[in-house]
Each structure stands twice: as structure tokens, then as C-alpha cells.
**Student:** 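I have a structure here, written as C-alpha cells, and I will follow up with some questions on it.
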Amino acid sequence: VDPHELIRTCRYQTARLVVAEWHGAPLAAGISLADVVATLLTSKTTRALPLSWRGDYDTDRAAAWVRERDKESVVLMVTERRAAAPVGLVILFSASDQDGSDRVDIRLGYLLGESAWGKGLATELVSGLVEWCRSVPRIRSIAGGVGLDNLASARVLVKSGFEPVGSTVDGEQLFELDLSTGSEPMAND
Ligand SMILES: CC(C)(COP(=O)(O)OP(=O)(O)OC[C@H]1O[C@@H](n2cnc3c(N)ncnc32)[C@H](O)[C@@H]1OP(=O)(O)O)[C@@H](O)C(=O)NCCC(=O)NCCS
């Protein structure tokens, strides 16, 4: 299976969240995916994301953003189970061709809407993703770049078992979780 197709099958649940490919996510009547994206992407939630993604979104900008993401990545909708409400997005890229092996390395981006911050949901989200990746033997690693001032995201990744491994070309801190070594995330840290 093509790595992109492999990560498109990513779907999991945690205590409070359901996470699955965004086009299949259940939406309230009369609400489009672009409407949801426009709510989740604000100047505050995009501040730590790539430069061209930053700022506030109306439905048209959100619809264009959805089309761009679909061309290059797999995006998962994060839905809070109890409220059945969309609360965030996970953006996954596959990078598997570097050494000719069929192992898949995943690059991770994610965000939660402002009202979902500070409740441990990001840790639950990323830990659930790690668990799903561990269940797929072809996935070798997950990595994500974090801005040096984004201490909350660095903390989320470390709590989910990632380690700082260097800097990205953009001067961000690169965090990686190597799934080939069988190491477990830090317990209760
Ligand atoms: C980063 C983000 C995902 C965090 O979501 P969250 O649900 O609030 O995160 P959690 O509650 O699971 O955990 C945050 C951790 O960081 C800590 N933290 C939060 N703000 C912090 C700060 N300014 N300095 C240091 N630690 C901080 C929290 O205390 C918590 O750690 P703890 O459980 O040990 O106390 C969310 O703020 C977000 O979507 N931001 C915008 C997009 C973004 O930055 N995405 C990541 C790009 S790499």
C-alpha cells in the first residue's frame, strides 16, 4: 500500500476524542467542512503554524486551505465525543522514500481550537496517535517541528514519548519518536 493510503486509514478513539479522516467526519446539519475549519483556524491557533497558514479564516480561505492540505497530506478531524463537536485537526505527511525501505516515517502537525486548550486534550490526542502508529508495523517514526516559544506543544510531545533530536531547516526544534526501538513513553511524567 502507498504510504499516503496507509496513513489515510488512521482512525482512533481516546477517552474523550474520536479522530478520523476529515471528509468522513460527522458535521451538524448545514455546516460544511470549510465552516468548521474557519472556526478552528484563528490568528491564535495558527500562530505556531507555517507562515502562510497564519491569521484568521473566512469560509473561502478555509475552503482553499482544505484543498491545499488534501493535495499534500492526510488531515484528521478531532471530535469531542461528549459534545459531538469538532475541536481540532491533525495533519499527517508520509516520508518513506529516503532509504528505499518500505518503512513509513510520519511528519505530524496538529492544532486544537482555542476553547479546547488547557484540558489535557492535546496530550490525549497525540498519545492516541502514537498508540495507533505502534499498531501499524510499517510505521517507523513520527516527527514534528515545534517553534522554540511553543512550550505547550513541546511538553505535549515529550509527554507522549517524543525526544528532541535537533533543529529543522526553519529553526524549529525537531521532536521524534522512534517506533523501531520499542521504547515506551515516559509513565506519569
Ligand atoms: C499546543 C496545543 C496543541 C496544546 O493543547 P492543550 O490541550 O492545551 O495541551 P495539554 O493540556 O494536553 O498539555 C499542555 C502542556 O503544556 C503545558 N503548558 C501550557 N502552556 C505552557 C507554557 N506557556 N509554558 C510551559 N508549559 C506550558 C501544560 O501545563 C501542559 O503540561 P502538563 O500537563 O505537564 O501540565 C494547543 O495550545 C494548540 O493547538 N496550539 C496552537 C497550535 C499548535 O501550537 N500546534 C502545535 C504545533 S507544533
Side-chain angles (χ1 to χ4, degrees), residues 7 10 12-20 22 25 33 35-57 61-62 65-66 68-69 72-95 105-133 141-178 184-189:
I7 57 177
C10 181
Y12 60 92
Q13 298 195 7
T14 65
R16 289 177 289 175
L17 303 171
V18 180
V19 184
W22 61 353
L33 178 59
D35 293 331
V36 171
V37 168
T39 310
L40 294 173
L41 299 183
T42 62
S43 53
K44 199 169 161 192
T45 65
T46 58
R47 202 172 62 90
L49 301 179
L51 204 56
S52 63
W53 297 6
R54 292 181 197 167
D56 287 304
Y57 284 71
R61 186 179 179 200
W65 193 83
V66 169
E68 285 162 23
R69 298 292 73 67
E72 61 182 24
S73 55
V74 170
V75 183
L76 311 176
M77 179 71 74
V78 183
T79 305
E80 196 178 17
R81 295 169 74 161
R82 211 173 48 167
V87 290
L89 298 170
V90 176
I91 301 147
L92 302 174
F93 303 86
S94 60
D105 298 302
I106 290 179
R107 190 69 186 256
L108 162 71
Y110 64 103
L111 67 100
L112 291 178
E114 285 172 44
S115 58
W117 291 14
K119 303 176 193 169
L121 286 174
T123 306
E124 196 172 309
L125 174 68
V126 176
S127 298
L129 177 70
V130 169
E131 216 176 293
W132 181 82
C133 290
S141 70
I142 318 169
V146 178
L148 299 182
D149 59 351
N150 195 349
L151 300 176
S153 184
R155 181 86 189 112
V156 166
L157 293 178
V158 168
K159 283 200 290 179
S160 304
F162 288 70
E163 290 175 356
V165 293
S167 323
T168 69
V169 283
D170 309 321
E172 296 193 319
Q173 173 73 59
L174 185 66
F175 284 86
E176 190 181 72
L177 176 58
D178 183 352
E184 293 296 326
M186 282 188 265
N188 300 318
D189 184 27

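One-based numbering, in listed order, for ligands and for the atoms of each.
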**Student:** Is there a nitrogen or oxygen of Arg155 sitting under 3.5 Å from a nitrogen or oxygen of ligand 1?
**Tutor:** yes
**Student:** Taking only residues two or more places apart in sequence or in another chain, which ones pass side-chain contact (heavy atoms from CB on, under 4.5 Å) with Asn150?
**Tutor:** Ala48, Val146, Ala152, Ser153
**Student:** I need the atoms of ligand 1 closer than 4.0 Å to a non-hydrogen atom of Thr123, numbered in the order shown.
**Tutor:** 10 (P), 12 (O), 13 (O)
**Student:** Please work out which of Phe175, Trp117, Tyr110 has its closest non-hydrogen atom nearest to atom 37 (O) of ligand 1.
**Tutor:** Trp117
**Student:** Should one rank Pro50, Ala154, Gly118, Ala122 by closest heavy-atom distance to atom 4 (C) of ligand 1, which comes out on top?
**Tutor:** Ala122
**Student:** Look at atom 24 (N) of ligand 1 and find which of Ile91, Val158, Leu151 reaches it with the closest heavy atom.
**Tutor:** Leu151
**Student:** Does any non-hydrogen side-chain atom of Leu76 lie less than 4.5 Å from one of Cys10?
**Tutor:** yes
**Student:** Any non-hydrogen atom of Gly120 lying under 4.0 Å from ligand 1?
**Tutor:** yes
**Student:** Sequence neighbours excluded, which residues qualify as side-chain contact (heavy atoms from CB on, under 4.5 Å) partners of Glu80?
**Tutor:** Ala83, Val87
**Student:** State the atoms of ligand 1, each with its element, that fall below the 4.0 Å cut-off from a heavy-atom position in Gly145.
**Tutor:** 48 (S)
**Student:** Of the side chain and backbone of Val156, name the one, both, or neither that has a heavy atom under 4.0 Å from an atom of ligand 1.
**Tutor:** side chain
**Student:** Give the numbers and elements of all ligand 1 atoms closer than 4.0 Å to a heavy atom of Ala48.
**Tutor:** 44 (O)
**Student:** So do the side chains of Thr42 and Glu114 get within less than 4.5 Å of each other, counting heavy atoms only?
**Tutor:** yes
**Student:** Mind checking whether Leu92 and Leu108 have side chains closer than 4.5 Å, heavy atoms only?
**Tutor:** yes
**Student:** Could you give the distance from OG (Ser94) to CD (Glu72), rounded to the nearest 0.5 Å?
**Tutor:** 11.5 Å
**Student:** Using a 4.0 Å heavy-atom threshold (strictly under), name the region of Asn150 that reaches ligand 1: side chain, backbone, both or neither.
**Tutor:** side chain
**Student:** Just to be sure I read this right, does ligand 1 sit under 4.0 Å from the backbone of Lys159, its side chain, both, or neither, counting only heavy atoms?
**Tutor:** side chain
**Student:** If I apply the N/O under 3.5 Å rule, does Leu111 come out as touching ligand 1?
**Tutor:** no
**Student:** Could you tell me if the side chain of Val126 sits less than 4.5 Å from the side chain of Leu157, heavy atoms only?
**Tutor:** yes
**Student:** Are side-chain heavy atoms of Glu124 and Arg16 found at a separation under 4.5 Å?
**Tutor:** yes
